[in-house]
Amino acid sequence: MKSHIFGRSTKGALPVATKGDGCYLIDADGRRYLDGSGGAAVSCLGHSNQAVRAALHAQMDQLAFAHTGFFTSDPAERLADRLVENAPAGIERVYLVSGGSEAVEASIKLARQYFLEIGQPKRHRVIARRQSYHGNTLGALAAGGNAWRRTQFAPLLADTTHISPCYEYRDRQDGETQEAYGLRVANELETEILRLGPDTVMAFLAEPVVGATSGAVPAVPGYLKRIREICDQYGVLLILDEVMCGMGRTGKLFACTEDDVAPDMITIAKGLGAGYQPIGALLTSAAIYDAIAAGTGFFQHGHTYMGHAMAATAANAVLSEILDRDLLSHVTTQGDKLDAALKAQFGDHDNIGDIRGRGLFRGIELVADRSTKAPFDPSRGLAARIKKEAFAAGLICYPMSGTIDGQYGDHVLLAPPFIIEDAQIDELVGKLSTAIDKALAA
């Protein structure tokens with residue numbers, strides 16, 4: 001049957017998903033797929049959570065939507081309260097949107113307006129990192145350092161500068177401690193601020209654990225603390241993008257708390273709604289909100305579906321499942337088991353260079369030569385081959401190319417549901433191993 005959907009690709013037809021069952025998705029032919037990446041690190045509760053479904057049914061009987069230009073709603077208010085209650089110190093306000101790109105876009109615009117409100121209109125520059133990803137709207141894409149996604153849209157993007165990522169596997173020098181390496185790359189931020197002019201820089205934007213672009217790359221100890229010090233020294237806002245790594249994915253509700261860092265703004269999405277509704281949020285400090293309140297009193301931004309009652313209801317139910325069932329402990333426990341299983345299977349593999357991550361957010365990097373860390377030739381399309389072979393085996397995972405610089409390097413990102421059990425970890429690793437071996441042999 002001809003489809004009128006304009007999808008992600010015009011090549012080939014996709015199977016039709018018809019049902020979810022825990023960690024599995026089921027297509028129209030009855031085939032089951034283990035969701036080893038939660039889609040794109042979204043489905044943290046799996047695909048058939050009864051509590052979330054019941055909450056949505058109940059809310060639908062009360063109120064689906066009321067525009068935030070006229071009303072607030074109980075679900076939105078409850079969600080904001082609970083997020084602030086669990087957020088890092090200083091976070092006091094929640095701006096609800098419909099996804100991660102919207103949250104990042106809002107953070108950039110709010111940073112600009114904040115400095116206008118406090119009388120520093122020259123501040124307009126954003127500094128981010130190479131090999132980062134912050135979303136696909138133009139502002140978020142400009143801030144991101146994902147070269148592959150940026151290239152064709154470059155003429156449309158605002159000028160943003162990028163410093164080195166915190167990418168220990170590739171960039172830590174022989175004989176250099178983790179702490180020394182972290183300080184070295186963090187200090188690039190100060191160098192860049194001074195180059196641009198401290199009175200022109202408004203924000204530094206980074207993922208505490210880099211997701212799609214590099215594959216679950218955590219910051220080394222001390223890195224984010226030094227970043228925080230530099231931002232404080234020069235009056236620059238620190239925005240942490242936890243759209244992919246937040247909401248329990250690393251074993252902490254907010255990933256940055258593991259680094260003992262409190263940002264000025266945090267962006268979240270994906271696991272916040274767990275796929276049951278599209279929702280994201282920008283969390284911001286009291287200082288930023290108070291500056292707007294004492295000035296114009298109006299954030300010149302907004303979207304039709306922000307604060308949507310059904311979406312907020314889903315997020316409230318998701319948070320209840322994560323916190324009340326203590327799924328964060330399960331993430332830590334199962335994350336350690338997944339890490340151990342990956343290392344047992346791939347630790348001596350000739351073409352696996354690095355196994356990394358936190359909690360149930362894990363990445364493996366493929367190399368042509370372990371001793372030199374040389375990547376495969378991009379013409380092999382290795383990541384795409386792995387994705388195809390894994391899907392054929394009944395496993396959904398998230399391989400990407402361009403890991404190193406947007407052109408070279410391949411990795412596989414894993415972000416299974418928080419409810420994954422031991423047997424499913426074994427299934428995931430076994431099917432991934434088969435897929436990798438078949439892709440390498442092709």
Side chains of [X] and [Y]: donor-acceptor distance under 3.5 Å anywhere?
X	Y	answer
Asn49	Glu321	yes
Ser101	Asn136	no
Asp326	Ser329	yes

May I ask you to decide whether [X] forms a salt bridge with [Y], counting only side-chain N to carboxylate O separations under 4.0 Å?
X	Y	result
Asp259	Arg358	yes
Asp264	Arg228	yes
Lys225	Glu229	no
Arg356	Asp354	yes
Glu190	Arg226	yes
Arg129	Glu207	no

Show your reasoning for whether side chain to side chain contact (heavy atoms under 4.5 Å, CB included) applies to Ile227 and Leu189.
CA-CA 7 Å; Ile227 290 291; Leu189 175 59; 3.8 Å; yes

Within the structure provided, determine whether [X] and [Y] are in side-chain contact (heavy-atom separation under 4.5 Å).
X	Y	result
Leu360	His330	no
Glu92	Ser285	no
Leu116	Thr296	no
Leu428	Pro416	yes
Pro88	Ile266	yes
Leu272	Leu83	yes
Asp35	Ser37	yes
Pro15	Phe391	yes

Spacing of [X] atom [atom1] and [Y] atom [atom2] [to the nearest 0.5 Å]:
X	Y	atom1	atom2	answer
Ser73	Leu79	OG	CG	9.0 Å
Tyr289	Thr284	OH	OG1	11.0 Å
Thr267	Glu102	OG1	CD	12.5 Å
Arg130	His162	CZ	NE2	9.5 Å
Thr161	Glu188	OG1	CD	11.0 Å
Asp410	Met400	CG	CE	10.0 Å

Determine, stepwise, if the pair Arg249 / Glu242 fulfils salt bridge (Lys or Arg N to Asp or Glu O under 4.0 Å).
CA-CA 10 Å; Arg249 177 53 59 190; Glu242 298 203 3; over 6 Å; no

For a side chain to side chain contact (heavy atoms under 4.5 Å, CB included) with [X], tell me which candidate from [options] qualifies.
X	options	value
Arg123	Leu237, Thr200, Val236	Val236
Ile268	Leu253, Leu282, Leu283	Leu283
Ile108	Met202, His134, Gln113, His124	Met202
Val217	Val209, Thr403, Val210	Val210

Non-hydrogen atoms of [X] and [Y] that approach each other most closely:
X	Y	value
Ala40	Lys270	O-CD, 3.2 Å
Pro263	Cys256	CD-SG, 4.0 Å
Ala274	Cys44	CB-SG, 3.7 Å

Would a distance-only check, ignoring hydrogens and angles, find a side-chain to backbone donor-acceptor pair under 3.5 Å from Arg362 to Gly359?
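The answer is yes, because a donor-acceptor pair under 3.5 Å joins these two groups.
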
Do the side chain of Asp241 and the main chain of Val243 share a donor and acceptor less than 3.5 angstrom apart?
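Yes, because the side chain of Asp241 sits within donor-acceptor range (under 3.5 Å) of the backbone of Val243.
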
Pair Asp422, Gln334 - check side-chain hydrogen bond (donor to acceptor under 3.5 Å, both in side chains), show working.
CA-CA 8 Å; Asp422 293 1; Gln334 298 306 96; 3.0 Å; yes

Only distances under 3.5 Å count here; give the side-chain donor-acceptor pairs of residues 297-310 to other protein atoms, sequence neighbours excluded, each with its distance to 0.1 Å.
from   : atom 1 : to     : atom 2 : distance (Å)
His301 : ND1    : Lys109 : NZ     : 3.0
His308 : ND1    : Ala64  : O      : 3.4
His308 : ND1    : Met310 : N      : 3.2

Of all residues at least two apart in sequence or in a different chain, which pass the side-chain hydrogen bond (donor to acceptor under 3.5 Å, both in side chains) check with Thr72?
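Scan of Thr72 (side-chain hydrogen bond (donor to acceptor under 3.5 Å, both in side chains), adjacent residues dropped) gives Glu77.
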
Check step by step if side chain to side chain contact (heavy atoms under 4.5 Å, CB included) holds for Cys166 and Tyr181.
CA-CA 8 Å; Cys166 188; Tyr181 165 66; 4.0 Å; yes

Might you work through the side chain to side chain contact (heavy atoms under 4.5 Å, CB included) test for Val412 and Ile386, ending with a clear yes or no?
CA-CA 8 Å; Val412 179; Ile386 293 172; 4.0 Å; yes

Parallel, tilted or perpendicular: which fits the ring planes of Phe70 and His67, with parallel below 30° and perpendicular above 60°?
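Ring orientation, 0 to 90° scale: perpendicular.
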
Taking the six-membered ring where the residue is Trp, are the ring centres of Tyr33 and Tyr24 under 6.0 Å apart?
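No, too far apart.
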
Could you give me the CA-CA distance, side-chain angles and deciding distance for Leu366 and Leu382, then say whether side chain to side chain contact (heavy atoms under 4.5 Å, CB included) is met?
CA-CA 9 Å; Leu366 294 108; Leu382 183 59; 4.1 Å; yes

Could you work out, with salt bridge (charged side-chain N to carboxylate O under 4.0 Å, His left out) as the rule, every residue matching Asp324, not counting sequence neighbours?
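Asp324 satisfies salt bridge (charged side-chain N to carboxylate O under 4.0 Å, His left out) with Arg82 only.
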
